[in-house]
Every structure is written in C-alpha cells, then in structure tokens.
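Note sheet for the following structure.
Chain identifiers are assigned alphabetically (A, B, ...) following the order of the sequence lines, protein sequences preceding nucleic acid strands; residue numbering begins at 1 within each chain.
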Amino acid sequence: MSSISLIANDPSRFDPLSLDQLQATADYEGMDRVVGLPDLHAGNGIAVGAVFWSRSRIWPHLVGSDIGCGMSLWETTSPLRKFRLGTVERKLQGLDAPWSGNGQAALTEAGLPPELASPALGTIGGGNHFVEFQRIEVVADEARFAALGLRHDRVWMMVHSGSRGLGQAVLQAHRQLEISRGIPKKSPEATAYLAQHDAALGWAVVNRQIIAKRFCESLGIDGRKVLDICHNSVSPHQGGWLHRKGAAPADQGLVTIPGSRGDFSYLVEPIADNADKALHSLAHGAGRKWSRKDAHARLSRRFNIADMQRTALGSHVICEDRRLIFEEAPHAYKDIGMVIADLEGAGLIRVIAKLRPLLSYKTRAA
DNA sequence: ATGTTC
C-alpha cells in the first residue's frame with residue numbers, strides 16, 4: 001500500500017479510469033511509491049505515464065511487453081533548406097521489410113547475444129511507433145542549444161520503437177499467476193527476469209540505431225544521435241526497483257518529449273532539484289485522450305484518409321494501414337503544450353527547443 | 001504492444 005503523487009497543474013483533468021488503474025497498482029503489497037505523470041492515461045490494465053518504486057519487489061507486467069521502448073533523436077547532416085517533402089516521401093521505400101544488414105553482428109557489437117537477431121530487428125513495428133522528420137521551430141534556450149553544439153538549420157529525425165517480439169517473449173516467460181504479487185527482488189526469478197529485461201533493453205537501443213541508419217541511408221544522408229532514452233524499464237534505484245511504464249528517465253541527460261504527429265515535440269533538460277517528487281522521471285509524450293477503438297469510431301466517421309495524411313501543422317503522414325491512421329490521429333492525443341506546462345510548473349524541466357513535424361512515417365504495409 | 005488472428 002502506498003500513496004500516489006500526481007504531477008499536474010490541474011489533477012482534475014486526469015481520466016478517472018487511469019486513476020483507478022493507478023490506485024490498483026498503488027495497493028499492491030510491497031509497493032512504496034507511485035507517481036502519475038502529466039501524460040497519464042488508461043492502459044491495458046495498467047496506467048501508462050506512471051512510475052512505481054518498491055524496496056522489495058519487481059513486477060514484470062508493470063514494465064509491460066515492450067521492454068526498452070523509447071525515443072531516439074537525431075540531428076541529420078541534411079540542410080533544412082534542401083528538404084523537399086515529395087522527394088523524401090518518394091525515397092522512403094522498403095523500410096517495413098526486414099533489414100538486409102547483419103543483425104547478429106550488430107547485436108554482438110552491442111554486447112548482446114547474436115541469437116537474439118530476428119527479422120524484426122531494424123523495423124519500426126506498429127501501434128504508436130514511428131519515425132518523424134522534424135525542424136527546429138523555436139530554440140528556447142539559445143545558450144544551452146549552442147553549448148550542446150546543436151544546429152537549427154538541419155533536418156532532425158525522431159525514432160520511436162522498442163524490442164518488438166523479444167520484449168513480449170520475455171514478459172510471457174515471467175508472467176505471474178497472480179500479477180499483483182510480483183517477484184521478490186533477490187529471488188532467482190528476479191535475477192532471471194532482469195537478465196532478459198536488460199537484453200531486451202539493449203536490443204531496443206540497437207533496433208532504434210538500425211532504424212535511424214536505414215532511414216538516413218534511404219535519403220542519402222547521415223546523422224548524429226543527440227539522445228536515446230527508454231520509457232519502459234525497471235532499474236535499481238535507492239536500494240529498491242524503479243518501474244517506468246511510459247515514463248522518460250530524468251537522470252540520464254537530455255530528453256525528448258514528443259507531441260502527437262500533428263503537434264510539436266520538445267527537447268528538454270531535466271532539472272535535478274525537484275526530480276525525486278516525480279521519481280526521477282518525466283512524461284514520455286502527450287498521452288492518449290481517446291482509446292484506439294474510440295479514436296477509430298469517432299474519426300473514421302468524420303474524416304477520410306486524405307484528411308488524416310496531413311496535419312494542422314502542415315506535416316505529411318505516411319501510413320498505409322487505414323485503421324492505424326485513425327487510431328493514431330492527433331485528435332486522439334492530449335495537448336503536448338499542457339504536458340510541458342505541467343512539467344515546467346512542477347520544476348522538473350527546462351525547455352531547450354521545440355520541434356515541428358515535417359513528415360511522420362508509420363508503415364507502407366497495409 | 002505483437003514473426004498477432006477464429
């Protein structure tokens with residue numbers, strides 16, 4: 001039994017269902033602290049946009065099946081003034097197919113077992129995963145931006161993907177009969193889960209790396225990684241274990257917080273002073289406002305596919321799956337400006353820059 | 001979320 005802290009200027013905005021889900025996990029025996037972040041929303045049983053800390057136990061299903069899912073942000077070598085939407089769209093082909101490179105070598109190089117290679121390595125996957133090309137809209141902190149050596153005259157690229165089937169297999173193998181019981185932290189079961197969890201985490205990083213490389217190669221450009229963070233994980237923290245379920249780390253340097261595909265994304269710097277009240281974590285995005293089912297039901301009635309292929313900010317969307325394009329519509333997500341304001345209000349972040357979407361790539365395969 | 005699915 002533990003208390004819940006909510007990070008929001010106006011906590012009454014939270015969906016009651018997400019709060020019920022958060023309460024249910026706060027009631028787990030052995031749970032010590034639970035935090036709901038500004039992007040909190042109801043998940044498949046477990047609230048997303050939340051952090052859980054326990055002195056004594058580990059709950060694999062609080063991390064979920066997409067272990068290591070996260071965001072990487074790249075400053076490409078492509079000058080912004082040369083960016084042509086039509087040309088770029090035309091060049092992005094074959095990216096849903098398995099990667100033709102050597103997956104085993106890529107994993108070995110990262111210190112991971114080569115037998116974890118699979119055809120999914122180097123592919124985005126489905127759901128809310130994407131690759132997005134962006135431009136710097138506003139630099140909020142010029143001094144910090146310059147000190148980091150960042151450039152506003154380049155095309156930027158954001159990758160959101162995870163560990164695909166691997167993370168799911170790991171959760172499957174360690175699924176608890178009674179979910180709320182979890183695993184005692186020093187048990188052989190915990191050791192076994194954590195080893196596989198760490199491998200899935202590493203796999204997801206390699207996956208994002210290969211995805212970025214493939215997208216750059218198809219455009220004939222290069223890029224440098226500004227950051228790579230994962231928002232589904234469990235890690236040792238203050239003598240216990242910190243579970244992040246759709247929560248970005250606030251203790252690993254720069255963080256990007258993406259809005260929906262029709263909204264801005266942010267490059268932010270975590271502020272250490274107040275970090276503990278949010279369990280050293282930040283929102284991982286805007287958070288859903290509508291479930292996938294609701295989004296499809298409401299939007300497919302009012303809009304056609306062509307409406308969905310453009311956003312209010314003028315960006316284009318490549319998504320040839322006609323269900324997914326509605327499920328992931330900007331309308332289904334909360335206002336990212338509100339999420340950022342909540343984090344600023346709590347003294348958790350300083351905004352460095354705001355990025356405008358140019359082109360969001362989901363899938364060409366229907 | 002998913003080498004997914006009757």
Side-chain angles (χ1 to χ4, degrees), chain A residues 18 21 25 39-50 59-72 94-101 103-104 106-107 113-131 159-175 179 193 196-197 199-201 203-208 210-211 214 229-234 243-248 258 260-261 284-288 290-296 319-329 332-333 360-366:
Chain A
S18 67
Q21 290 185 338
T25 46
D39 57 337
L40 185 78
H41 65 276
N44 185 17
I46 306 296
V48 180
W59 292 269
H61 81 287
L62 289 187
V63 178
S65 63
D66 198 359
I67 301 164
C69 184
M71 318 293 313
S72 66
L95 294 160
D96 297 284
W99 182 47
S100 59
Q104 297 192 343
L107 291 171
E115 55 270 24
L116 295 182
S118 87
L121 186 63
T123 59
I124 299 174
N128 58 2
H129 292 171
F130 63 82
V131 170
V159 179
H160 179 204
S161 189
S163 56
R164 315 286 269 100
L166 177 61
Q168 190 175 36
V170 172
L171 177 60
Q172 194 67 32
H174 296 273
R175 183 152 267 169
I179 270 168
Y193 169 73
Q196 291 188 20
H197 161 281
L201 213 80
W203 196 101
V205 173
V206 174
N207 189 35
R208 287 188 288 272
I210 297 171
I211 291 167
R214 290 181 80 182
I229 48 165
C230 80
H231 48 235
N232 293 342
S233 69
V234 59
H243 306 69
R244 291 187 172 108
K245 175 70 174 170
S260 76
R261 71 186 183 215
H284 78 314
R288 292 196 79 91
W290 298 342
S291 72
R292 289 173 182 287
K293 206 170 143 236
D294 287 353
H296 183 269
C319 181
E320 293 176 3
D321 179 328
R322 52 177 302 127
R323 184 165 184 92
L324 187 60
I325 202 168
F326 287 111
E327 287 177 346
E328 289 296 318
Y333 282 86
S360 302
Y361 184 100
K362 298 287 288 179
T363 179
R364 286 211 189 266

Pairing donors with acceptors under 3.5 angstrom, does anything connect the side chains of A/N207 and A/S161?
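A/N207 vs A/S161: donor-acceptor pair found between side chains.
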
How long is the span from the CZ atom in A/R208 to the SG atom in A/C230, to the nearest 0.5 Å?
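Going from the CZ atom of A/R208 to the SG atom of A/C230 covers 6.5 Å.
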
Taking salt bridge (Lys or Arg N to Asp or Glu O under 4.0 Å) as the definition, give me every residue that meets it alongside A/R292, ordered by chain and number, with sequence neighbours left out.
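Per chain and number, A/R292 pairs via salt bridge (Lys or Arg N to Asp or Glu O under 4.0 Å) with A/E327, A/E328.
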
Taking the six-membered ring for Trp, are A/W59 and A/H243 parallel (under 30°), tilted (30 to 60°) or perpendicular (over 60°)?
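Tilted: the ring planes of A/W59 and A/H243 meet at 30° to 60°.
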
Hey, what are the protein-to-nucleotides 2-4 of chain B N/O distances that come in under 3.5 Å?
| residue | atom | partner | partner atom | Å |
| --- | --- | --- | --- | --- |
| B/dT2 | OP1 | A/R164 | NH1 | 3.2 |
| B/dT2 | OP2 | A/G126 | N | 2.5 |
| B/dT2 | O4' | A/Q168 | OE1 | 3.4 |
| B/dT2 | O3' | A/R164 | NH1 | 3.2 |
| B/dT2 | O2 | A/Q168 | NE2 | 3.4 |
| B/dG3 | OP1 | A/G165 | N | 3.2 |
| B/dG3 | OP2 | A/R164 | NH1 | 2.7 |
| B/dG3 | OP2 | A/G165 | N | 3.0 |

Please tabulate, one pair per line, all N/O donor-acceptor pairs under 3.5 Å involving side-chain atoms of residues 164-173 of chain A, not counting sequence neighbours.
| residue | atom | partner | partner atom | Å |
| --- | --- | --- | --- | --- |
| A/R164 | NE | A/T123 | O | 3.3 |
| A/R164 | NE | A/T123 | OG1 | 3.3 |
| A/R164 | NH2 | A/T123 | OG1 | 3.0 |

